Amino acid sequence: SNTDGQLDVNEEDMDFLREMFASIFSVFDAQFEERDGSVPMNSILCALSFFARGNKSDKLDICFHSFCKYADGYITRKELYSFILSFLLALFSLNSRKMQEFENDHTFAKDNFHDYAVYFTTKIFAQSRRNRSNIDFINFDEFAQFYSQGGYGLVQWLELLDLSKWPDRLDKPVFHFQLTKAGHTLELQESDIKALERIIDITRLNTIPPDIMYSLLAEKAHNGILSKDAFDSVIRRIVNETRGTDEDEIQLSDAQKAYVSYQLRKVFHAYDRDEVDEVPVKELACGFSLFTAGGKRQKLEIAFASFASSQSPPKRNALGRTEMHRFLRAILTVFFALNEDWGARNPSTYTWDILDKSSSECTAVIFQSRTRDADLITFEEFTKQFDKIPWLELLDLDKWSDTLDSVNDINS
């Protein structure tokens with residue numbers, strides 16, 4: 001917080017928090033037939049306790065007693081069921097893969113976790129029978145005794161109430177690329193791939209050809225510069241067209257809108273080096289082609305031509321060293337924008353420094369094969385250098401999902 005006691009959170013992080021908490025709320029709201037936008041406070045308390053400071057026992061104690069209707073400290077089987085279900089739903093809502101299933105079928109969590117909660121409640125009452133003074137009720141001391149005497153093995157996921165039990169990183173890199181001789185790397189985890197898949201699933205940007213995307217962005221630019229407002233208007237137009245406007249089409253939920261806004265804002269600002277909500281349209285369009293239809297070569301050829309035509313003087317389908325550097329940097333930037341772990345740990349200025357160094361080294365490698373007086377390289381000559389820049393493969397959307405599937409097959 002700042003000196004005024006207000007939270008010092010930037011707009012991107014605030015959008016992420018809104019989306020996350022909206023998702024949690026929607027999961028709880030879906031448990032009720034009326035879905036009137038209100039949920040029991042004690043259920044939300046259980047969910048939010050995962051984020052609160054304090055130890056597991058204190059959190060369980062407070063949440064348990066929030067389900068007590070009377071001052072005697074006892075709860076019924078039904079209330080214990082609600083207590084257990086609340087924690088299960090909270091963990092479910094924090095799982096990005098499960099949330100994709102939930103967005104397609106809001107009964108998914110209700111049907112599955114109802115059975116789990118009934119099972120755990122039945123087991124807890126059965127295993128704690130000898131320690132309870134009342135066959136139909138249980139108090140927190142009896143629940144704690146059950147837990148400490150082996151019950152933790154049944155409901156071990158409650159250990160996650162202790163924030164120290166969460167690892168710093170939940171997944172190993174699926175993609176790993178060395179970018180510079182100094183050892184800087186680009187790593188993308190499963191969560192990054194799932195984020196990309198979710199963006200595509202919501203927006204259906206992958207139905208737009210890359211040349212059409214270039215045209216849509218370029219027509220909103222002024223003197224080669226695209227504002228954030230203009231970018232947002234293009235995205236809204238595309239999403240309205242790809243998802244349709246008929247009543248039978250599935251419209252975006254508030255959580256989906258917040259998620260897409262958060263992710264695409266990150267992409268836009270990755271190109272906004274002056275932090276003025278304006279970016280060079282050719283650079284943004286180059287990186288943004290990742291989300292579009294088509295393969296790697298098609299996307300690269302269109303982007304290459306865009307950079308070639310913008311040189312002074314324009315060159316026909318050939319790039320000099322300076323524009324090659326900017327061209328490669330524009331592509332690499334979008335991958336860093338999608339890397340949640342990197343963005344959380346490193347300031348933008350450091351990222352831009354790495355992008356510049358990596359693009360400079362790649363440009364030098366590409367021009368090494370040229371004769372000393374050759375200052376230009378054509379697209380066909382560039383295609384013969386693809387194998388020297390392995391991260392270019394990521395422009396093919398199928399590469400992301402196929403590689404992740406292969407890794408999961410090996411792990412299983």
Side-chain angles (χ1 to χ4, degrees), residues 177-182 184 186 209-211 213-226 267-268 270-274 276 278-290 292 294-337 348-396:
F177 302 100
Q178 181 166 335
L179 300 180
T180 66
K181 296 176 181 177
H184 300 111
L186 168 67
D211 57 333
M213 180 64 74
Y214 267 80
S215 297
L216 291 173
L217 292 171
E219 71 182 21
K220 288 291 184 178
H222 181 68
N223 292 331
I225 301 298
L226 184 72
V267 173
F268 183 91
Y271 293 87
D272 183 15
R273 294 195 168 204
D274 294 326
V276 292
E278 293 180 342
V279 300
V281 67
K282 67 176 181 181
E283 295 186 15
L284 176 66
C286 177
F288 209 73
S289 67
L290 164 68
T292 64
K296 174 187 68 177
R297 182 187 174 102
Q298 180 186 8
K299 295 176 182 179
L300 286 171
E301 188 168 13
I302 293 171
F304 193 98
S306 173
F307 275 80
S309 64
S310 65
Q311 295 175 117
S312 181
K315 306 292 192 304
R316 184 186 174 114
N317 207 30
L319 294 183
R321 292 175 184 268
T322 298
E323 286 303 299
M324 177 62 74
H325 166 82
R326 293 173 179 168
F327 167 65
L328 294 174
R329 186 181 68 185
I331 300 169
L332 188 57
T333 297
V334 74
F335 304 138
F336 273 87
S348 298
T349 51
Y350 179 67
T351 301
W352 292 327
D353 185 49
I354 302 304
L355 287 168
D356 286 337
K357 290 178 179 177
S358 177
S359 301
S360 293
E361 291 187 17
C362 288
T363 299
V365 169
I366 290 172
F367 276 85
Q368 273 180 354
S369 60
R370 310 292 292 145
T371 59
R372 181 173 300 178
D373 58 346
D375 294 325
L376 295 174
I377 187 168
T378 66
F379 181 74
E380 288 304 318
E381 292 170 330
F382 175 64
T383 61
K384 298 175 183 178
Q385 310 282 346
F386 281 176
D387 61 324
K388 297 179 181 178
I389 314 175
W391 44 263
L392 289 176
E393 295 293 327
L394 295 179
L395 281 173
D396 188 339

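No experiment lies behind these values; they were computed from the predicted model shown. Only heavy atoms go into these numbers, but all of them, side chains included; no hydrogens, no water, no symmetry mates.
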Any side-chain to backbone donor/acceptor pair from [X] onto [Y]? Under 3.5 Å, distance only.
X	Y	result
S358	I354	no
S306	I302	no
Q178	T180	yes
E381	T378	yes

In Å and rounded to the nearest 0.5 Å, what is the [atom1] to [atom2] distance from [X] to [Y]?
X	Y	atom1	atom2	result
L216	T292	CG	OG1	11.0 Å
F327	L319	CZ	CG	6.5 Å
I377	E323	CD1	CD	14.0 Å
Y350	H184	OH	NE2	3.5 Å
L355	I331	CG	CD1	12.0 Å
D211	E301	CG	CD	11.0 Å

Charged N-O contact under 4.0 Å between E380 and R297: yes
Do [X] and [Y] make a side-chain contact, defined as non-hydrogen atoms from C-beta onward lying under 4.5 Å apart?
X	Y	result
V267	L284	yes
W391	L328	yes
V365	I389	no

Side chain to side chain contact (heavy atoms under 4.5 Å, CB included) between H325 and D356, intermediate numbers included: CA-CA 8 Å; H325 166 82; D356 286 337; 3.9 Å; yes
Looking only at heavy atoms, which two atoms of [X] and [Y] are closest? And how far apart?
X	Y	answer
L376	G320	CD2-N, 3.6 Å
L226	L217	CD1-O, 3.6 Å
L290	K299	O-NZ, 3.0 Å
Y214	C286	OH-CA, 2.9 Å
A270	A337	CB-CB, 3.8 Å
F304	M324	CE1-CE, 3.9 Å

F382 and F379 aromatic ring geometry - parallel, tilted or perpendicular at 30°/60° bounds: tilted
Step-by-step side chain to side chain contact (heavy atoms under 4.5 Å, CB included) determination, F177 to L332: CA-CA 11 Å; F177 302 100; L332 188 57; over 6 Å; no
Summary of salt bridge (Lys or Arg N to Asp or Glu O under 4.0 Å) pairs that have at least one residue in residues 357-366, sequence neighbours excluded: D353-K357
Validation row, ring centre F288 to ring centre Y271 under 6.0 Å: no
Neighbour count above 12 (heavy atom, 6.0 Å) for K384 NZ: no
